[in-house]
Each structure stands twice: as structure tokens, then as C-alpha cells.
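Worksheet: the structure to be examined is printed underneath.
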Number of protein chains: 2
Amino acid sequence: MLTIGKLGEAAGVKVPTIRYYEQIGLLPEPDRSAGNQRLYGQSALDRLAFIRHARELGFPLDAIRDLLSLSDEPDQSCAAADVIAKKQLTTVKARIVRLTALKAELERMITQCAQGTVADCRVIEVLSDHSHCAQDHRTSGAAE
Amino acid sequence: MLTIGKLGEAAGVKVPTIRYYEQIGLLPEPDRSAGNQRLYGQSALDRLAFIRHARELGFPLDAIRDLLSLSDEPDQSCAAADVIAKKQLTTVKARIVRLTALKAELERMITQCAQGTVADCRVIEVLSDHSHCAQDHRTSGAAE
DNA sequence: TCTTGAAGCTATAGCTACTAGAGACCTTAG
DNA sequence: CTAAGGTCTCTAGTAGCTATAGCTTCAAGA
Ligand SMILES: [Zn+2]
Ligand SMILES: [Zn+2]
Ligand SMILES: [Zn+2]
Ligand SMILES: [Zn+2]
């Protein structure tokens, strides 16, 4: 049996985060010691490692919640899981597209600046007016 | 003089967002009409457009605050503004690198899935264990 | 056995950048 | 003059944690 500190160490998750996951129902309430401290077994470690890895891959907690309940029913079709993963891939791709456009604009404004006064600064100038931009980088749905 | 609604329309910013910017001191408190409604002039519109454009380029509000106060002193050197822009570029580049790694892993797990049951689902399997991943996509500082 | 320090407990507040609602008030067109 | 729509303040909620305060429990050394 693991204390919360050991569990966090084993899974690479901070202790307050574990308590937070429990609070929002992502981890089940564990047994407690006589002194009211949480005690975890292997299944909690597996579940937490799953959550952590999915978070590292950018899945939101809601999606992880769905993936976890799917993985609790091994005989079901995995179509739903694949849909979630594909949706996440779409999100990631959209972000890359957007960030790549931002990168280009930032590079442009930085290289164009002649390092003079603020009055002549290309960075300030471009920020003041989008028509100085080469691309249309404006937001379209996906959170930055 | 513009009401808050007209200002928002002109700058492409929602009304509650304008009030929020005022609340956190990013926009100055405007004059009010006899009936206590906010009234804005051209300078508020310029400032708000600047903020909006910088947000679209991913700058955090703190950085925008600094950029705004720099742009209020046109005779100063623009070095500080360029530093902020370069820092933002670094952030954007780091995010692209990370998201590109995530994209590769997501694509891998999706294409490897044979569309069977959850027990055999490659998506679930990979999420359960990072050693199935080809790359080290783990977080290293920058917020996803 | 006593003690001390680390680790655990709950509860609350804070972070970013907004967004949504409630309930009241102002403005303006017809 | 009325009705509709814009605006007012205030509060709370979103995601995913992180930090603090003030307390209790546990494990190891003297
Ligand atoms: Zn410059
Ligand atoms: Zn632009
Ligand atoms: Zn599958
Ligand atoms: Zn991995």
C-alpha cells in the first residue's frame, strides 16, 4: 500500500494534483489508514499513470474521464476511444497551424525592427495594426 | 464618442472583455455619460485594438501591459519591446515543438488501432504506458 | 519513551483570460 | 409614452491545477 506521497512519486504526479483528481471524481476515494491518511494500491497507480500520460498527450480531463470508463469495459468496441483520440489529434493539428502562423508573424516583426526608438519600432507598429501582418493569424475557434 | 458596445464592435472585442480589461487596469477608466454609461474616444479604440492584436499573437496580458506602457514613451529605446517579442517567439516555438511530438504520437496510436475491442485497442494501450511511445513528449516547462 | 521533522489532513484562495447570468437602470425609435 | 435593447454592478463559473494556513499523524533517532 502506498501513501499519497509515494503514489505521486511513482506516477510523477504532485500530491495536491492527486487530491484534486479525487475531488473531481477522476480517482476513486481510497481506503484510509487508522489515522485517516489515504492508502493506495496498484490499481490506483495504474489509473493515475494513465491519467498522467493522457494529460501529457494533451487530452482534457473530460476526455480522460471518458477514456477511463471505456477502459473499464474491455469487451466493448473501441470505436469511442478512437473517436476521442482523433478529436484530440484534430485539436493538436489546429493548434500547430495557428502557432506556425504566429511564429511567422513574430519572426517578421522581430527581424524588421531596426533597434531604434519605440516610435520607430516595428514590433510596436505591427501590434498596433494587423494590416502590417502578412498572414491572417486571427483566432478561429480553437483556444490558443 | 463610442458606447461600450460600439467600441467592442469596432475593435472586435466583446463587451464583458472590455470591462474586464478596465478592471485589471489594462484600459483606463473612461468618462461616463450622465446616466453612468461608459464613453470612449479614439485613443481607447487604438489601445483596445493593440491589445486585441497582441492577444491574437498569443502575448499574455502581462506582456501586453508592458508593451503598452513602452508605447506610451516613443522616445525610449525599443529594446525592451523586442525582448518581449523574442520571448513570445521562444514560447511559440517551444509549443510547436511539443505539439508536433504529440501529433506524431497520436497519429501513431490511431493508425495502429485495429478497431476491435477495448481490450485490444492501441489507443488505450499506449495511454496506459508511455514506453509504447516512440518519442519523449513529456512536459518540460511550457504550458501545453 | 520522547522528540523532532517530514508528510499528511481539510479548507480556502489564487492563477489566466475570460464568459455567463441576475436584476436593475438608461437610451432611443416609433 | 412605451417597448426593446443596450448598459450597469456583482457574483460565480470555466480548466487544471497550485499555494497557503493551521492542524494532525507517522517514522526514525536518542
Ligand atoms: Zn523594436
Ligand atoms: Zn496581425
Ligand atoms: Zn482502438
Ligand atoms: Zn508517451
Side-chain angles (χ1 to χ4, degrees), chain A residues 1-27 29-40 44 48 50-68 87-88 91 95 98 139 141-144, chain B residues 1-27 29-40 44 48 50-68 87-88 91 95 98 139 141-144:
Chain A
M1 289 300 227
L2 299 166
T3 62
I4 196 169
K6 297 295 175 191
L7 177 72
E9 209 173 314
V13 175
K14 288 178 190 149
V15 167
T17 305
I18 297 173
R19 288 197 277 247
Y20 170 70
Y21 288 162
E22 178 184 327
Q23 190 193 314
I24 63 169
L26 212 54
L27 287 176
E29 293 187 21
D31 293 336
R32 301 282 184 134
S33 73
N36 197 36
Q37 302 197 348
R38 291 170 179 81
L39 289 179
Y40 298 93
L48 184 54
F50 185 102
I51 296 171
R52 195 213 163 179
H53 195 209
R55 285 294 299 133
E56 286 170 349
L57 286 163
F59 287 89
L61 292 181
D62 269 3
I64 296 174
R65 195 187 301 271
D66 292 345
L67 288 167
L68 281 168
K87 192 177 158 203
Q88 174 62 12
T91 301
R95 283 194 192 157
R98 174 152 154 68
T139 316
E144 180 227 342
Chain B
M1 290 300 231
L2 299 165
T3 62
I4 196 169
K6 297 294 176 191
L7 178 72
E9 208 173 317
V13 176
K14 287 177 191 151
V15 167
T17 306
I18 298 172
R19 288 197 276 248
Y20 170 71
Y21 287 162
E22 179 184 327
Q23 190 192 316
I24 63 168
L26 213 53
L27 287 176
E29 292 187 20
D31 293 337
R32 299 282 184 136
S33 73
N36 197 37
Q37 301 196 349
R38 290 170 179 82
L39 289 178
Y40 297 94
L48 184 54
F50 185 101
I51 295 170
R52 196 214 162 179
H53 196 209
R55 284 295 298 132
E56 286 171 348
L57 287 163
F59 287 90
L61 292 181
D62 268 3
I64 295 175
R65 195 187 301 271
D66 293 345
L67 288 166
L68 280 168
K87 192 178 158 202
Q88 174 63 13
T91 301
R95 283 193 191 159
R98 174 151 154 68
T139 316
E144 181 225 342

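The shown structure was predicted, so the numbers you read here are calculated from the model rather than taken from an experiment.
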Using the rule given for side chain to side chain contact (heavy atoms under 4.5 Å, CB included), can you reason through B:Gln88 versus B:Leu57, listing the C-alpha separation, both sets of side-chain angles and the distance that settles it, and then say yes or no? CA-CA 9 Å; B:Gln88 174 63 13; B:Leu57 287 163; 5.9 Å; no
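- We find that CD1 of B:Ile18 is positioned 13 Å from C1' of D:dG6, with the value rounded to whole Å.
- As rounded to whole Å, 12 Å separates atom C1' of C:dC9 from atom OH of A:Tyr40.
- Between the C1' atom of C:dA17 and the CD atom of B:Glu22 lies a distance of 16 Å, rounded to the nearest Å.
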Just the table, please: protein N/O against nucleotides 15-19 of chain D N/O, every pair under 3.5 Å.
{"from": "D:dG16", "atom 1": "OP1", "to": "A:Leu61", "atom 2": "N", "distance (Å)": "3.4"}
{"from": "D:dG16", "atom 1": "OP2", "to": "A:Leu61", "atom 2": "N", "distance (Å)": "3.3"}
{"from": "D:dC17", "atom 1": "OP2", "to": "A:Tyr21", "atom 2": "OH", "distance (Å)": "2.8"}
{"from": "D:dC17", "atom 1": "OP2", "to": "A:Arg55", "atom 2": "NE", "distance (Å)": "2.8"}
{"from": "D:dT18", "atom 1": "OP2", "to": "A:Thr17", "atom 2": "OG1", "distance (Å)": "3.0"}

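- Contact check on B:Arg38 versus B:Glu29 returns no salt bridge, with no Lys/Arg side-chain nitrogen under 4.0 Å from an Asp/Glu carboxylate oxygen.
- Taking OH of B:Tyr21 as the reference point, atom CG of B:Leu27 lies at 8.5 Å (rounded to 0.5 Å).
- The side chain of B:Arg19 contributes an N or O atom lying less than 4.0 Å from OP1 or OP2 of D:dC8.
- Rounded to whole angstrom, the span from the CD atom of B:Gln88 across to the P atom of C:dT16 amounts to 15 Å.
- For the pair A:Gln23 CD and D:dT14 P, the computed distance is 12 Å after rounding to whole Å.
- For the pair A:Ser33 and B:Ile4, nearest-nucleotide mapping onto DNA chain D gives the more 5' position to B:Ile4.
- Note: CG (A:Leu7) to P (C:dA7) measures 15 Å, nearest angstrom.
- Separating the CD atom of B:Gln37 from the P atom of D:dG5 is a distance of 16 Å, rounded to the nearest angstrom.
- For B:Arg38, no side-chain nitrogen or oxygen approaches OP1 or OP2 of C:dT27 to under 4.0 Å.
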